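Step one of this worksheet: look at the structure below.
No experiment lies behind these values; they were computed from the predicted model shown.
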Amino acid sequence: MNLYTTQGAITITCHKRIMPYLAAEVKELSFNVEESFVTGVRLRGSINDCIKLNLNLRCASQVLYSLKQFRAGNADEVYRNLVEYPWENIIPEEGYFSITSNVNNDSINNSMFANLRVKDAIIDRFREQRGKRPSTGAALTGAVIHLYWKLDEAEVFIDTSGDSLARHGYRKIPGLAPMLESLAAATIYATCWDKVSPFVNPMCGSGTIAIEAAMIATNRRPGLFRTNYAFMHLLGYDDTVYQREDALLEEQITEVPGLRIIATDYSKKAVENARLNAVAAGVAKLISFNVCDFAETEIPPNVTGVFYVNPEYGERLGDIAELEKTYGRIGDFMKQKCGGYFGYVFTGNLDLAKKIGLKAKRRIEFYTSTIDCRLLEYELYAGSRTVAKEPKAV
C-alpha cells in the first residue's frame, strides 16, 4: 500500500477558537470537511494531499494521516497494538523518527511514558523484521509518529508536518509577546477586510499582523518559507509531487495595485525588527513602516478600510493605569480619525476595552496562549455610507 496515494482519514489540528477559519481554508483548497471539532477538522485524502495542505494552510498546526485505531487501557496495550504494525513499510531503516502524543489516560501520569512505549514498539518491530533499527530522538526533523489516546480509545498517525505549521517561518525577530502567526491570520480572516482597501496597523510590534495581511492579500502561502516537512522522511516519498506544489506557491502570488498596508510603532527598534521580518516574508515593499505614536498614524481618507490594533492588555506587558489611558485614546482616535473604516481591537482584557468608549458591533472569541481574548469590531461611521457586506472567513 502506497500511503502517498491511498485515501485515508486526515485530521488537521489548530489552536482553540480558530477552527472556523481553518475549515474555510480547507474548503478553499477544494477539500471536503467531513467533521469539525474545537481544535481541528477531519477529511479524507492521501499523504500527497497532505503535502498540499501543509504548504498552503495558514491556520493549521499539524496535518495528521491516520494509520490505526484501537482500544488500550494502559501503555502495555498500546505497545501490543503497535508492535504488530508494519512500520518497516513507512519509516526507512536508515532513517530517523520522533514520537509525539496527546494523552489522557488514568493509567499513566506522564505522556512521555506513552511516547516511550510507542517508540519501543516501532524499534522492536524493526529488530524482528530487519535486524536493524532507525535512530530516534526528540527533534522533529525526520519522520514523526503521533499518538492520540483518550481514556481507552487510541489512534496512531503519521504527523506529516513535523514542526508546527502555526509558525510560518519568516519571523526571525519575534519581539516582546508576539502573536502567533496562525492566530494573526485567523483574526484577519475574521475582519471585514476585502484585501484591497487600506489596512492600518498601529502598535505593530514585530509586524506579524501587517505581514500576514500582506501575505493574505497577495496569496503568499506559508510553504514559501519552509523546506523541511515530516512527510519528506517516509518510504515512498516522491519529491516531484512536493516540487510541483512548491512551484504553484510562486505561480499563485497575485499583485494588488494600489494596496496600502500601513504599520507603525512608537519603538524604533520594533519597527526595525518588523521591517526585517517583512523582508524575510518578501512583503517589505507592500508595507509602509513608520515610527510614531499610534495617534499619528496615517489613515488614508475617503475609503472603507480596516484599522487593526493589538494593544498591551496587562497580562504580560503594560501598567494598567497607563493602559486605561491608552485604550481611551484608541477610542478617541477611531472616532475622530477613522470615519468610514471598520476598527478592530484585539485584547485579552475586557475591562480595559470598556475604556474605548464605543459599542462593539461584534465580539469575536479567540485565545492567545492561555488568555481568553476578543477581537472587537467597531463600525466607524463618517456621514452617510452604504451597508457593508457580511464578513467572510477567507
Side-chain angles (χ1 to χ4, degrees), residues 1-11 13 44-54 62-103 105 107-108 110-149 152-164 226-243 245:
M1 181 177 70
N2 184 344
L3 298 178
Y4 281 88
T5 57
T6 300
Q7 294 282 304
I10 296 172
T11 297
T13 66
R44 291 193 63 80
S46 65
I47 291 185
N48 280 342
D49 291 321
C50 292
I51 294 175
K52 183 181 186 70
L53 292 163
N54 273 286
Q62 313 294 144
V63 180
L64 309 172
Y65 181 91
S66 181
L67 294 177
K68 182 178 182 179
Q69 293 179 306
F70 57 93
R71 292 192 174 275
N74 55 56
D76 287 339
E77 291 180 9
V78 170
Y79 171 88
R80 286 194 291 272
N81 273 279
L82 297 184
V83 75
E84 300 298 326
Y85 194 83
W87 298 106
E88 67 278 7
N89 296 335
I90 296 175
I91 304 171
E93 62 186 43
E94 301 294 336
Y96 168 90
F97 73 95
S98 303
I99 307 296
T100 61
S101 65
N102 182 352
V103 174
N105 182 276
S107 70
I108 60 172
N110 187 339
S111 63
M112 296 305 295
F113 181 64
N115 291 12
L116 178 63
R117 295 307 281 153
V118 175
K119 184 188 76 171
D120 289 344
I122 295 173
I123 288 174
D124 289 350
R125 171 74 185 192
F126 265 94
R127 283 174 173 158
E128 178 185 341
Q129 297 295 317
R130 295 287 189 263
K132 57 170 61 176
R133 47 158 286 190
S135 58
T136 184
L140 305 180
T141 55
V144 180
I145 304 301
H146 179 75
L147 171 69
Y148 175 83
W149 182 21
D152 67 341
E153 296 183 356
E155 188 168 6
V156 66
F157 301 86
I158 295 172
D159 179 347
T160 65
S161 304
D163 284 327
S164 175
R226 183 165 167 175
T227 58
N228 184 53
Y229 297 87
F231 62 72
M232 296 174 167
H233 304 280
L234 306 172
L235 283 175
Y237 170 63
D238 182 358
D239 190 58
T240 59
V241 176
Y242 166 73
Q243 293 297 336
E245 293 293 343

### Task
Keeping to residues at least two apart or across chains, list the salt bridge (charged side-chain N to carboxylate O under 4.0 Å, His left out) pairs with something in residues 74-91.
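Salt bridge (charged side-chain N to carboxylate O under 4.0 Å, His left out) check on residues 74-91 returns Asp76-Arg117, Glu88-Arg125.
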### Contacts of type salt bridge (Lys or Arg N to Asp or Glu O under 4.0 Å), residue Asp152, not counting sequence neighbours
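By the salt bridge (Lys or Arg N to Asp or Glu O under 4.0 Å) rule, Asp152 matches Arg71.
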#### Entry: Partners meeting salt bridge (Lys or Arg N to Asp or Glu O under 4.0 Å) with Lys52 (sequence neighbours left out)
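Here the qualifying residues are Glu245.
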Under the side chain to side chain donor-acceptor pair (under 3.5 Å) test, which residues partner [X], sequence neighbours left out?
X      : answer
Gln243 : Asp239
Thr13  : none
Asp159 : Gln62
Asn115 : Ser101

What are the two closest heavy atoms between [X] and [Y], and how far apart are they?
X      : Y      : answer
Leu235 : Tyr4   : O-CE1, 3.4 Å
Ser107 : Ala75  : OG-N, 4.2 Å
Ala139 : Ser98  : O-OG, 2.6 Å
Thr160 : Val63  : OG1-O, 2.8 Å
Gly162 : Ala230 : N-CB, 3.6 Å
Met232 : Thr227 : CE-O, 3.3 Å

Determine yes or no for a side-chain-to-main-chain donor-acceptor pair under 3.5 angstrom, with [X] supplying the side chain and [Y] the backbone.
X     : Y      : result
Lys68 : Ala154 : no
Thr11 : Leu64  : no
Ser46 : Gln7   : no

Rounded to the nearest 0.5 Å, what separation is found between the [atom1] atom of [X] and the [atom2] atom of [Y]?
X      : Y      : atom1 : atom2 : value
Asn54  : Arg226 : CG    : CZ    : 7.0 Å
Thr6   : Arg44  : OG1   : CZ    : 10.5 Å
Leu67  : Ile145 : CG    : CD1   : 6.0 Å
Leu147 : Leu82  : CG    : CG    : 7.0 Å
Cys50  : Leu3   : SG    : CG    : 10.0 Å
Tyr65  : Asp49  : OH    : CG    : 9.5 Å

### Task
Provide the full list of side chain to side chain donor-acceptor pair (under 3.5 Å) pairs with a residue in residues 133-142, sequence neighbours left out, each pair given once.
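Found none.
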### Query
Quick one: side chain to side chain contact (heavy atoms under 4.5 Å, CB included) partners of Glu93, sequence neighbours excluded?
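By the side chain to side chain contact (heavy atoms under 4.5 Å, CB included) rule, Glu93 matches Phe126, Arg130, Lys132.
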### Query
Of all residues at least two apart in sequence or in a different chain, which pass the side chain to side chain contact (heavy atoms under 4.5 Å, CB included) check with Val241?
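Partners of Val241 under the side chain to side chain contact (heavy atoms under 4.5 Å, CB included) test: Asn48, Ile51, Asp238, Arg244.
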### Query
With sequence neighbours left out, what residues match Phe231 under ring-ring contact (aromatic ring centres under 6.0 Å, His included)?
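Phe231: ring-ring contact (aromatic ring centres under 6.0 Å, His included) contacts with Tyr229.
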### Task
Applying ring-ring contact (aromatic ring centres under 6.0 Å, His included), name anything that partners Trp149, two or more places apart in sequence or on another chain.
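Partners of Trp149 under the ring-ring contact (aromatic ring centres under 6.0 Å, His included) test: none.
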### Task
Please report the C-alpha distance between His233 and Asn228 in whole Å, then the side-chain angles of each, then the deciding distance to 0.1 Å, and finally whether the side-chain contact (heavy atoms from CB on, under 4.5 Å) criterion is met.
CA-CA 9 Å; His233 304 280; Asn228 184 53; 2.7 Å; yes
#### Entry: Side-chain heavy-atom pair Glu155, Ser66 within 4.5 angstrom cut-off
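Yes, close enough: below the 4.5 Å cut-off.
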### Task
Could you check Asp124 against Tyr79 for side-chain contact (heavy atoms from CB on, under 4.5 Å), going step by step and ending with a plain yes or no?
CA-CA 10 Å; Asp124 289 350; Tyr79 171 88; 2.6 Å; yes
### Message
Tell me which one of Ile123, Ile158, Leu140, Leu234 satisfies side chain to side chain contact (heavy atoms under 4.5 Å, CB included) with Phe97.
### Response
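Going through Ile123, Ile158, Leu140, Leu234 one by one, the side chain to side chain contact (heavy atoms under 4.5 Å, CB included) with Phe97 is satisfied by Ile123 alone.
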